[in-house]
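Okay, so here's the structure we're looking at.
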Amino acid sequence: MKYIKILWNGILKENPTFVLLLGMCPTLGTTSSAINGMSMGLATMAVLIFSNFIISCIKNLIPDQVRIPSYIVVIASLVTALQMFMQAYTPEVYKTLGLFIPLIVVNCIILGRAEAFAAKNGPVESIFDGLGIGLGFTIALTLLGGIRELLGTGKLFGATLYSENYGMLLFVLAPGAFIALGYLIAVVKKTMKI
Amino acid sequence: MAYLLIFFSAIFVNNIVFSQFLGICPFLGVSKKVDTALGMSAAVAFVLTIATIVTYLIQILLVKYDLVYLQTIAFILVIAALVQMVEIVLKKVSPALYQALGVFLPLITTNCCILGVAILVAQGTYNAQGLEPNLLTGVVYAVSTALGFGLALTIFAAIREQLAMMDIPKGMQGMPIALVTAGLLAMAFMGFGGVDGGLAKVFGL
Amino acid sequence: MKKLPSTLPNMLCVLTLISVIAAGALAYVNKITAGPIEENKARTLAEGINSVLGVTDAQVQDTKTVQDANGNDVILYSTDKGMAVQAIDPNGFGGTLKVLVGFSEEGTIKGYTVLEHAETPGLGAKASFWFQKGEKGDIIGKNPGEKELTVSKDGGEVDAITASTITSRAFLRAVNAAFHAYAGASAPADAQSGASAQQTSIHN
């Protein structure tokens with residue numbers, strides 16, 4: 001029960017995109033289509049789960065004053081490892097997400113969760129927190145990516161729903177990212193009463 | 001003249017915030033007042049320029065010893081250390097400047113435009129307008145990018161100051177209206193698209 | 001377990017230890033992924049050569065590297081089924097654009113593929129299919145030797161990718177560079193003059 005609560009907390013109550021408003025750069029930069037948003041969300045989730053777990057395991061070995069640099073080293077090595085694995089086994093995804101993969105290091109969600117949750121809780125809870133927050137982030141990115149893809153190109157996950165000629169290209173471009181996210185946050189806040 | 005082109009294109013055409021989506025967190029986070037926006041811009045410009053030079057030199061070492069896979073980790077540590085150092089030096093040398101920038105410095109470590117630009121410059125994958133990507137063009141690019149960031153942040157903060165006095169529908173208050181505003185600004189900056197090509201002709205490149 | 005106090009030796013030890021472990025782990029990951037990454041690159045290249053020539057079993061017989069007018073490396077892959085040329089343009093929207101183009105004997109484009117790019121997802125990244133046969137910016141069957149390929153904005157015949165003129169220009173420059181290298185290699189006499197022309201233009 002406790003774990004489900006942690007999971008739910010990450011997906012809804014503390015959704016990184018809609019409630020905490022963290023990690024905006026990848027949120028806006030990689031969501032030109034649903035599949036891109038989802039890949040970025042999953043990549044971030046992988047790093048988040050591992051970083052939460054490792055940091056929670058070693059939290060007592062790290063003196064307080066050097067905790068931030070230590071966390072950053074852990075996160076940066078995880079991201080680099082992820083980058084190399086993606087390059088080796090999913091080169092297509094790696095090509096699409098480009099520069100935003102190494103930039104997962106400076107995604108405030110990861111350092112934020114390390115500091116706010118993993119440093120205070122046990123390893124198992126931390127894994128679930130990583131999973132929950134990661135899922136929340138992935139859902140938000142997929143949703144935003146889906147909306148932009150649908151409005152911009154008439155496709156969803158690459159499947160054509162209506163002709164591209166009626167699409168509003170604006171939503172695939174940079175301004176559309178800001179505007180779509182703005183309205184999405186407003187709608188989510190209204191419907192979820194958060 | 002090509003340097004001037006890098007300068008214009010990094011500020012207006014490929015603005016770091018509006019077209020590259022880097023540095024969005026401080027862009028949304030510290031843009032409620034023009035004063036703080038200016039302080040943040042100055043701090044970013046300062047750190048970004050130094051960080052670009054230092055990481056460029058580190059990249060040479062990494063390539064030399066075949067350790068390129070340590071790039072991310074080395075860069076982020078260097079940036080973190082650099083921010084700390086700048087903070088300490090500023091405190092000693094110019095307390096006035098420290099007063100103005102001090103609060104923003106710790107925030108800069110997690111500003112992705114610093115790491116992003118450092119990686120772009122180190123790999124030489126930024127738009128150097130036909131020049132060889134080297135330390136000089138890299139620094140010109142970094143300084144212009146920082147100015148572009150400052151410009152975006154300051155304009156946005158000025159609009160938000162006005163926006164705070166407006167009667168906004170409840171659901172749109174706060175972040176939603178800020179994001180829509182940012183979207184409109186991004187649209188305005190799209191108007192600069194292609195200007196670099198025209199300038200290139202004017203400059204005879 | 002009690003938290004370690006923040007004394008100087010403690011802090012130094014912990015930071016060093018973490019960094020060493022992290023570097024070691026990364027070196028290990030680097031070692032195990034280096035093979036697959038190389039294989040991927042080799043496979044992408046082989047698949048690329050096959051797809052741009054429109055065959056399935058091209059065997060690379062000879063590779064040659066020359067320089068284009070701007071001093072960028074152009075790699076010519078001669079196969080038993082025709083010639084595929086890899087060229088780059090450093091001024092795409094997000095950086096370098098690397099393409100592989102297959103040419104017929106007359107110099108018309110048989111096919112192309114984008115090997116590497118850093119273009120905006122959903123915009124410039126469309127280059128990988130935009131210029132294919134039957135798409136809006138179709139360049140297949142065109143001969144860059146008769147008329148340089150340029151976008152319609154610059155007076156050419158190729159429709160640029162919507163909202164990605166910079167990418168389209170860079171892409172066509174790379175294709176043109178590939179053609180010149182191909183033309184230079186297939187006609188030895190031309191190659192001489194071409195090479196000397198390139199020599200001079202490098203120093204401009």
Side-chain angles (χ1 to χ4, degrees), chain A residues 17-32 68-84 87 98-112 170-171 173-191, chain B residues 15-29 68-77 79-81 84 106-120 123 125-126 169-190 193:
Chain A
T17 308
F18 298 133
V19 184
L20 302 180
L21 300 166
L22 291 177
M24 284 297 157
C25 301
T27 307
L28 294 164
T30 61
T31 51
S32 57
I68 301 287
S70 316
Y71 296 168
I72 290 182
V73 174
V74 171
I75 296 169
S77 13
L78 283 169
V79 170
T80 313
L82 175 85
Q83 191 180 356
M84 290 193 278
Q87 219 172 343
L99 180 65
F100 284 98
I101 299 283
L103 289 183
I104 295 178
V105 179
V106 278
N107 188 327
C108 355
I109 297 174
I110 302 194
L111 195 60
L170 176 76
F171 280 94
L173 299 173
F178 287 105
I179 295 173
L181 183 62
Y183 282 108
L184 191 60
I185 290 177
V187 169
V188 168
K189 278 194 168 162
K190 187 85 183 158
T191 47
Chain B
N15 186 283
I16 186 100
V17 176
F18 293 128
S19 82
Q20 316 264 48
F21 291 123
L22 296 178
I24 306 277
C25 287
F27 175 72
L28 294 172
V68 181
Y69 60 89
L70 290 179
Q71 189 192 48
T72 315
I73 200 166
F75 281 18
I76 189 74
L77 278 180
I79 292 170
Q84 288 275 315
L107 289 175
I108 288 180
T109 315
T110 49
N111 181 343
C112 58
C113 85
I114 311 270
L115 183 63
V117 170
I119 293 180
L120 284 178
Q123 294 179 336
T125 50
Y126 54 101
K170 194 161 169 291
M172 293 299 285
Q173 275 170 15
M175 204 39 83
I177 192 72
L179 280 165
V180 173
T181 312
L184 294 175
L185 261 180
M187 230 184 284
F189 269 79
M190 268 178 73

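Just so it is clear, the model here is predicted, and its values are computed rather than measured. Just so we're on the same page: letters track the sequence lines, and every chain starts at 1.
No part of A:Ala81 comes within reach of chain B, as not one of its non-hydrogen atoms sits under 4.5 angstrom from that chain. Interface residue A:Leu28: backbone and side-chain heavy atoms are both found under 4.5 Å from chain B. Only the side chain of A:Leu170 comes within contact range of chain B, with heavy atoms under 4.5 Å apart. Heavy atoms closer than 4.5 Å to chain A are found in both the backbone and the side chain of B:Leu22. With a 4.5 Å cut-off on non-hydrogen atoms, A:Ile68 does not touch chain B at all. Contact of A:Leu21 with chain B is made through the side chain alone, with heavy-atom distances under 4.5 Å. When heavy atoms are compared at a cutoff of 4.5 Å, B:Ile73 approaches chain A by way of both its backbone and its side chain. Using a 4.5 Å cut-off between heavy atoms, A:Met84 contacts chain B through its side chain alone, with no backbone atom that close. Both the backbone and the side chain of A:Val73 have a heavy atom closer than 4.5 Å to some heavy atom of chain B.
If you tally non-hydrogen atom pairs under 4.5 Å between each of A:Ala76, A:Gly23, A:Gly182 and chain B, the highest count goes to A:Gly182. The residue among B:Leu28, B:Ile177, B:Leu70, B:Thr72 with the most heavy atom pairs within less than 4.5 Å of chain A is B:Thr72.
Listed by chain and number, the residues in a ring-ring contact (aromatic ring centres under 6.0 Å, His included) with A:Phe171 amount to none (sequence neighbours excluded). Applying the ring-ring contact (aromatic ring centres under 6.0 Å, His included) test to B:Phe18 and every residue at least two apart in sequence or in another chain returns B:Phe27, B:Phe189.
Of all non-hydrogen atoms in B:Cys25 and A:Met24, the two that sit nearest each other are SG-N, 3.9 Å. A:Tyr183 approaches B:Met172 most closely through the heavy-atom pair CE2-CE, 3.7 Å.
For the pair B:Ile24/A:Phe178, a side-chain contact is recorded, criterion being any heavy-atom separation below 4.5 Å from C-beta on. A:Gln87 places none of its side-chain heavy atoms less than 4.5 Å from the side chain of A:Ile101. Looking only at side-chain heavy atoms (C-beta outward), A:Leu103 and A:Cys25 stay at 4.5 Å or farther from each other.
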Are A:Leu184 and B:Leu179 close enough, and set up right, to give a side-chain contact (heavy atoms from CB on, under 4.5 Å), and what steps lead you there?
CA-CA 10 Å; A:Leu184 191 60; B:Leu179 280 165; over 6 Å; no

